[in-house]
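All residue numbers in this chain count up from 1 along the given sequence. Both ligands and their constituent atoms are indexed starting at 1 by order of listing.
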Amino acid sequence: VSQKMQVIGAHSADFVWRAGGTIAKAVNAGATAEVVALTYGERGESGELWKESDQTIDSVKRIRHAEAEAAARHLGASFHCLDLGDYPLQITADALASLTDTLRRFAPDVVITHTDTDPFNPDHPVCFTAVDRARGLAAGAGVASAFSTITPPQLFLFEPHQPELCNFTPTVHVDITPAFEQKRAAMAEMKAQSYLQTYYTQRAEQRANHARRASGLQDVRYAESFQRVLPEVVEEL
Ligand SMILES: [Zn+2]
């Protein structure tokens, strides 16, 4: 069980679909969880809000902030957004420094972010690269450095929308059955992307099937899958 979990997404709703149950389960077990969004997804992932006439960027950001905060509350996590601007997300030197500070300040045991490839979403791989660099900088590559560093956190990638096209191979299934009602409540807050609720409920059921086959644990009804990036260090196999 991770004590401090930091979930970093390109857009403010990404955490809900891909790691909502895992966040809730960790918090229910005593962990602290923080969700960091690099942007509100105000241009690229707020389509339904833009159907209203007279809609503005500021209004979309306000609505998306409220939705993400409410969703994070259902999971027991805090939410904050760096508001770097989406579609395209650009990582300036200042943005990288600010993301690195975010990691140093929270000092997570576990970091979760996007895959390095996504042909349908130009911002997600940019977020991966930024998080990977910031994690390396914050941890000082695991050795003594001239600047303050944190213990290297574990790095996991959450499941993208079309995993086969995104270099995603699940290496960890998390049983989220006991926390699924919390995930359902969090997903329901994302009114700008309500069409995804059915999709990610079905995905959780499919991954639970895979988790049952891999483990023999018959009680897994809902699961979320992740890909581990760094080797797991253990005392014995
Ligand atoms: Zn996104």
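At a cut-off of 2.8 Å, His124 coordinates the Zn ion (ligand 1) through an N, O or S atom. The Zn ion (ligand 1) has no N, O or S atom of Asp123 under 2.8 Å away, backbone or side chain.
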Derivation of the side-chain hydrogen bond (donor to acceptor under 3.5 Å, both in side chains) call for Gln227 and Asn167
CA-CA 10 Å; Gln227 182 167 342; Asn167 280 344; over 6 Å; no
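Atom OE2 is the N/O/S atom of Glu45 found closest to the Zn ion (ligand 1). Restricting His11 to its N/O/S atoms, the shortest distance to the Zn ion (ligand 1) is reached by ND1.
Taking the six-membered ring wherever Trp is involved, the centroid distance between the rings of His11 and Tyr40 does not fall below 6.0 Å.
Ion pairing between a basic and an acidic side chain is recognised when a charged N comes within 4.0 Å of a carboxylate O; Glu224 and Lys25 show no such pairing.
A side chain to side chain contact (heavy atoms under 4.5 Å, CB included) with Phe79 is found for one member of His65, Glu34, Arg73 and no other, namely His65.
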